[in-house]
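Here's the structure we're looking at; comments come further down.
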2 protein chains.
Amino acid sequence: MYRIGEFSELSKTTIKTLRYYEKEGLLIPSFVDSQTGYRFYETSQLPELAKIISLRQMGLSITNIKSILNGSDLEQILKLRKQELETEISLSSSQLLQINNLLEGKSMEKEVIVKELPSYTVYYKEGVIKDFRDIVNFILQSAGECKSTNPNIKCVEPDYCYVSYLDGEYKETDIKIRYAQAVTQMGIPSETIKFETLNPVKAACIYHKGAYDNLRESYSFLLKWVEENGYEIAEPIRERYIDGMWNKASEDEWLTEIQVPIRKK
Amino acid sequence: MYRIGEFSELSKTTIKTLRYYEKEGLLIPSFVDSQTGYRFYETSQLPELAKIISLRQMGLSITNIKSILNGSDLEQILKLRKQELETEISLSSSQLLQINNLLEGKSMEKEVIVKELPSYTVYYKEGVIKDFRDIVNFILQSAGECKSTNPNIKCVEPDYCYVSYLDGEYKETDIKIRYAQAVTQMGIPSETIKFETLNPVKAACIYHKGAYDNLRESYSFLLKWVEENGYEIAEPIRERYIDGMWNKASEDEWLTEIQVPIRKK
DNA sequence: ATTGACTCTCCACTTAGGGGATAAGATAAA
DNA sequence: TTTATCTTATCCCCTAAGTGGAGAGTCAAT
């Protein structure tokens with residue numbers, strides 16, 4: 001019979017931990033003095049404790065260990081833990097990759113964030129525009145056309161609308177684009193205006209502040225990030241307008257978000 | 001100006017998180033109604049928030065992010081986080097390895113635990129014995145010899161003593177062993193009894209219950225584990241006696257611990 | 001006036017124990 | 001026997017980054 005301190009020495013386990021394991025019902029001292037409350041352990045409990053420690057060593061939770069000791073299926077629990085570990089490792093690896101790229105590049109002016117874009121119901125219109133500056137007209141025209149066949153249509157709050165460039169290459173004239181605007185419900189399609197429900201998708205995103213002149217830098221920065229972090233583009237890129245000439249006078253206050261839908265390569 | 005719910009939608013961040021970031025001083029709403037307490041955010045705060053989220057995405061703590069925003073050295077903090085990640089990954093990998101080996105072998109009768117053996121001051125004696133059964137005599141004799149030159153020597157409480165086998169090979173006769181016993185302080189060495197302070201060392205350990213007949217199975221199980229989990233033997237193995245013929249009548253109650261000092265290969 | 005949607009603050013909860021305060025028991029020295 | 005030291009007991013608070021919920025106030029529409 002050993003007192004808790006001696007048993008703690010023997011097993012190289014802290015007293016706090018032993019008391020905690022008793023509270024959790026993992027390892028009950030073989031005798032407790034009802035007068036003083038002193039716990040007493042025996043050497044035969046060292047292998048019991050070793051089992052617990054060995055399971056903790058594999059990262060299993062106290063709850064899991066408890067159910068294993070109560071006769072649950074060890075193999076199943078280990079397989080679950082294995083999956084957990086695999087996701088942990090892949091997460092840590094991608095964080096490490098991100099940090100390493102950042103330390104090499106040493107450019108921290110732009111921040112890329114990965115987020116899950118939810119499902120949206122949108123109306124959209126595709127077309128070819130002569131010049132970038134025609135985008136605004138294209139958008140206004142689309143909105144008008146949609147309103148004409150769907151007079152009660154409502155945009156979501158807060159607003160979500162974007163343009164995708166559909167040419168496979170970079171062009172400065174005759175650009176094929178799609179404009180999409182999220183709405184609260186499906187409407188009646190016309191010849192030019194179609195409706196669609198977007199699937200949720202993970203996207204790498206970046207905010208672009210200011211006028212559109214150097215938007216291309218943001219694109220290339222973001223696409224480099226996607227490449228370096230082991231992703232590939234899953235769907236057309238969305239150029240999302242948050243603040244622009246329609247509500248901000250100063251070009252410096254314009255705000256655009258570039259969203260690149262991604263999947264792990 | 002957006003209310004918290006709208007800003008939460010815009011940024012894909014939960015309301016709870018936004019309030020928490022305000023409390024932590026990471027992102028203060030651009031306006032708070034002093035009457036109602038309502039928070040109001042502007043689109044210009046989206047990039048601010050993006051910076052925070054991008055740092056969180058790399059696993060940096062709120063505290064670290066706060067100091068980065070206050071102008072701390074980003075590079076240094078990233079390097080620290082990098083180290084953290086590397087240890088995290090190596091820990092998870094070794095847990096995964098352990099689980100995979102277990103799932104393959106499907107033998108869960110024995111539990112291996114890794115622990116840090118502390119520094120001990122020991123007296124020890126080396127010698128050659130004819131047969132395993134002579135170990136007991138060897139030990140008693142060593143204790144007697146030590147007492148004769150060091151009459152006031154005291155063993156540590158609880159006891160720690162072990163035998164190491166010094167032949168490079170497995171032998172059944174003429175076995176060279178070392179017996180070591182932990183004591184509370186250095187003593188005067190004699191011709192046969194020496195003193196030494198052991199360095200702390202990490203060891204893979206297993207308990208062996210019962211008589212010594214099938215001790216070899218425990219050895220081979222433990223050594224297989226060491227091999228499979230990417231370790232190598234760093235020092236002589238310690239066969240540590242906890243319960244034995246000196247205090248337990250029934251052989252079934254004997255308890256021995258095998259400790260293999262290890263290092264990562 | 002009421003309803004429903006939204007927001008506020010405050011509190012408890014999550015893991016696996018660690019730190020510390022205070023009181024009582026155990027043991028050895030004086 | 002008293003005292004001093006060591007050990008143990010219980011109890012409460014703390015961790016990181018939020019999540020969940022209760023109860024109360026706010027806002028716009030009906």
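In what follows, chains are A, B, ... by sequence order, proteins preceding strands, each numbered from 1. Model, not experiment: these values are computed from the prediction.
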Minimum-distance pair of heavy atoms, taken over all atoms of B:S67 and B:I77: OG-CD1, 3.7 Å
Measure all distances between protein nitrogen or oxygen atoms and nitrogen or oxygen atoms of nucleotides 28-30 of chain C, and list the pairs falling under 3.5 Å.
none

Which atom of A:K115 lies closest to which atom of B:K12, heavy atoms considered: CD-CG, 3.8 Å
Contact interval (first through last nucleotide) of DNA chain D with protein chain B, 4.0 Å heavy-atom: D:dA17 to D:dC27
Sequence neighbours excluded - side chain to side chain donor-acceptor pair (under 3.5 Å) pairs with any residue from residues 199-208 of chain B: B:H208-B:S218
Residue pairs passing the salt bridge (charged side-chain N to carboxylate O under 4.0 Å, His left out) test where at least one lies in residues 82-92 of chain A, sequence neighbours excluded: A:R81-A:E84, A:R81-A:E88
Exercise: identify the closest heavy-atom pair between B:I193 and B:C146: CG1-N, 4.0 Å
Evaluation steps, side-chain contact (heavy atoms from CB on, under 4.5 Å), between B:Y21 and B:I28: CA-CA 8 Å; B:Y21 285 174; B:I28 311 297; over 6 Å; no
Identify all pairs in which a protein N or O lies below 3.5 Å from an N or O of nucleotides 24-27 of chain C, and state each distance.
none

Neighbour count >12 (heavy atoms, 6.0 Å) for atom NZ, A:K248: yes
For the student: nearest non-hydrogen atoms of A:E116 and A:P200, plus distance: OE2-CB, 3.9 Å
Extract all donor-acceptor atom pairs below 3.5 Å that involve side chains of residues 152-162 of chain B and protein atoms in other chains or at least two apart in sequence.
from   : atom 1 : to     : atom 2 : distance (Å)
B:D159 : OD1    : B:Q181 : NE2    : 2.7
B:Y160 : OH     : B:R238 : NH1    : 2.9
B:Y160 : OH     : B:Q259 : OE1    : 2.6

C:dT9 phosphate, OP1 or OP2, under 4.0 Å from B:R19 side-chain N/O: no
Gap between atoms CE and P, on B:M1 and C:dT7 respectively (whole Å): 14 Å
Polar-atom pairs under 3.5 Å, protein N or O versus N or O of nucleotides 15-18 of chain C: list them with distances, or write none.
from   : atom 1 : to    : atom 2 : distance (Å)
C:dG17 : OP2    : A:Y21 : OH     : 3.1
C:dG18 : OP2    : A:T14 : OG1    : 3.0
C:dG18 : OP2    : A:T17 : OG1    : 3.4

B:K264 NZ: over 12 foreign heavy atoms closer than 6.0 Å: yes
Polar contact flag, side-chain donor to acceptor under 3.5 angstrom, A:T17-A:T14: yes
Residues that A:E6 engages under salt bridge (Lys or Arg N to Asp or Glu O under 4.0 Å), provided they are two or more places apart: none
Net bend of the helix from C:dA1-D:dT30 to C:dA30-D:dT1, end axes of five pairs each, nearest 10 degrees: 40°
Heavy-atom pair of closest approach, residues A:I15 and A:G5: CD1-CA, 4.0 Å
Flag, side chain of A:R3 to backbone of A:F7, donor-acceptor distance under 3.5 Å: no
Shortest non-hydrogen contact between A:R240 and A:T256, atoms and distance: O-CG2, 3.2 Å
Salt bridge (Lys or Arg N to Asp or Glu O under 4.0 Å) partners for B:R19, two or more places apart: none
Pairing residues for A:E42 by the salt bridge (Lys or Arg N to Asp or Glu O under 4.0 Å) criterion, not counting sequence neighbours: none
Within residues 80-92 of chain A: residues closer than 4.0 Å to DNA chain C (heavy atoms): none
